[in-house]
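To keep things clear, I will list the structure first and then write my remarks on it.
Throughout, a chain's letter reflects where its sequence line sits, starting with A, and its residues are numbered from 1. Small disclaimer: the values here were computed from a predicted structure and weren't measured.
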Number of protein chains: 2
Amino acid sequence: MPRQQTKTSIAIVDDHVLITQMLATTITNFGDCQVVLQATNGKDLQRQINPSQLPDLVILDVNMPVMDGYETAKWLTATYPSIRILVLTMYDSELAMLRLLLLGVRGFLKKDIDPATLKDAIVTTMETGFYYSERQLVNLLQSKGNNIQLVNNVFLSTKELQLLTLACSDRPYKVIAQEMGISFKTLDHYRQALFDKLNVKSRVGLAIYALENGVVRKKTE
Amino acid sequence: MPRQQTKTSIAIVDDHVLITQMLATTITNFGDCQVVLQATNGKDLQRQINPSQLPDLVILDVNMPVMDGYETAKWLTATYPSIRILVLTMYDSELAMLRLLLLGVRGFLKKDIDPATLKDAIVTTMETGFYYSERQLVNLLQSKGNNIQLVNNVFLSTKELQLLTLACSDRPYKVIAQEMGISFKTLDHYRQALFDKLNVKSRVGLAIYALENGVVRKKTE
DNA sequence: TATTCAATGGGGAAAAATCCCCATTTTCCG
DNA sequence: CGGAAAATGGGGATTTTTCCCCATTGAATA
């Protein structure tokens with residue numbers, strides 16, 4: 001049902017104020033949508049959201065200070081499961097998409113799209129519940145027989161994620177192990193696990209992965 | 001002279017189509033500006049630009065495929081020195097800003113600004129020739145007595161830049177030295193120079209620097 | 001011309017990272 | 001309960017990185 005009496009209400013969560021405002025303008029110009037909330041991060045969304053007047057859809061940036069897209073998606077899904085979530089991001093790694101999908105995200109949009117695609121994504125998400133700008137992830141999930149195995153392989157444990165974050169520094173593993181409260185040798189195992197799961201061969205590879213996939217927030221972003 | 005008969009004509013160069021379009025909408029709504037050109041990278045700008053109808057100002061993204069902000073700024077300054085350049089970026093390192101300043105860029109805008117700030121930046125750049133959203137760089141340039149020394153220290157040689165790029169990989173220095181056609185020991189000198197200039201202590205630090213400052217283009221950006 | 005300086009390459013050693021093995025404890029599940 | 005799997009820690013070797021020294025060459029410069 002494309003046309004409705006009531007407009008689709010949309011919330012935008014992105015720390016780039018300029019992008020948020022421009023998104024709002026673009027969406028408003030669609031005519032059948034209205035932007036009812038603009039937040040700069042997840043915490044800001046929690047503060048502003050009105051349970052008696054929930055948005056139909058949240059457009060969510062992944063990389064944000066204070067409370068990022070992952071935490072926000074998790075909280076939204078748990079608190080207001082009826083709200084559709086569309087992630088607007090520059091990253092498109094399978095790991096990141098899988099994590100977000102399991103957190104309840106309904107679709108992904110890269111930032112190099114045009115307004116028409118944005119509208120299509122919003123409409124499609126509202127009508128069918130899901131939107132993917134690329135088929136790869138769908139194929140991935142459908143082709144592999146044992147999804148659980150896949151998820152176990154692709155997902156990172158808390159310690160692994162912590163190491164991945166701390167590895168993005170000038171500090172040697174010896175120091176990082178102390179910070180994590182584990183021995184250097186235990187850290188070695190997590191390191192090897194990360195190499196295997198992320199398909200890299202060195203600590204530099206870890207750092208590149210973490211930065212490219214938004215695991216570690218860049219200072220100026 | 002804020003108000004003129006003819007509107008300020010603006011070109012936007014950014015590979016994120018959505019951002020470009022929204023920027024264009026926002027700027028058009030200012031009333032006294034008009035967007036006369038939208039390009040997705042430097043090469044695209046070269047193809048589209050009309051010498052008989054040059055824009056007054058170019059809003060330029062740094063991170064772009066094909067021809068990035070550095071190359072584009074260099075070409076613009078050499079070819080059409082009258083055009084003001086405003087860089088829209090997420091990076092704000094002194095090195096990056098210095099490089100861009102010496103390439104003729106007139107001002108910097110981080111992407112977390114609001115439309116009012118954007119307008120202020122455009123107006124200020126057109127009126128005074130320069131715009132800085134932060135004073136730090138101006139202070140830097142004014143305080144240091146010997147700018148040439150500073151520039152020599154801050155700028156990277158071709159080989160250093162090449163190493164910085166190649167260091168963002170899983171390959172050991174031994175292999176990188178072969179790729180660069182120099183000995184491992186010569187590479188060692190460039191590495192040490194990079195450590196000193198960029199104030200890092202390890203190869204991971206180099207990779208982080210390169211990614212955070214757009215020296216190496218991220219796959220999905 | 002003499003000197004300085006950058007680029008080139010090297011020896012050697014210490015530190016760090018990587019990769020094999022292994023054992024113990026805990027946790028989880030059939 | 002009993003076994004599988006994960007988390008923890010280690011020994012030891014190899015490779016890579018990092019940091020000291022140093023020498024030679026050629027270009028730039030006082």
task = Given side-chain hydrogen bond (donor to acceptor under 3.5 Å, both in side chains), test A:D188 with A:Q192 step by step and report yes or no.
result = CA-CA 6 Å; A:D188 210 5; A:Q192 192 60 55; over 6 Å; no
ask   = With sugar-phosphate meaning primed atoms plus P, OP1 and OP2, does A:S183 contact a base, only sugar-phosphate, or nothing at under 4.0 Å between heavy atoms?
value = sugar-phosphate
task = Provide, to the nearest angstrom, the distance between the NZ atom belonging to A:K174 and the P atom belonging to D:dT17.
result = 18 Å
ask   = Given atom CD1 of A:I182 and atom P of D:dA7, what is their separation to the nearest angstrom?
value = 11 Å
request  = Indicate for each nucleotide in nucleotides 18-24 of chain C, in 5' to 3' sequence, whether protein heavy atoms under 4.0 Å reach the base (B), only the sugar-phosphate (S), or nothing (-).
outcome  = BB--B--
request  = To the nearest 0.5 Å, tell me how far B:Y209 OH sits from A:D170 CG.
outcome  = 13.5 Å
ask   = Distance check: side-chain N/O of B:T186 vs OP1/OP2 of C:dA7, anything under 4.0 Å?
value = no
task = Specify whether B:W75 and B:Y80 have parallel, tilted or perpendicular ring planes, treating 30° as the upper limit for parallel and 60° as the lower limit for perpendicular.
result = perpendicular
task = Give a yes or no answer on whether the side chain of B:D15 reaches the backbone of B:N41 with a donor-acceptor pair at less than 3.5 Å.
result = no
query = Taking CD1 from A:I176 and C1' from C:dA16, how many angstroms apart are they, rounded to a whole number?
reply = 11 Å
inquiry  = Run A:T72 and A:M64 through side chain to side chain contact (heavy atoms under 4.5 Å, CB included) and show every step you take.
reply    = CA-CA 10 Å; A:T72 309; A:M64 292 179 297; 4.1 Å; yes
query = For atom CG of A:D196, is the number of surrounding heavy atoms from other residues, nucleotides or ligands below 6.0 Å larger than 12?
reply = yes
request  = Report the distance from atom CG of B:L187 to atom P of C:dG10, rounded to the nearest whole Å.
outcome  = 12 Å
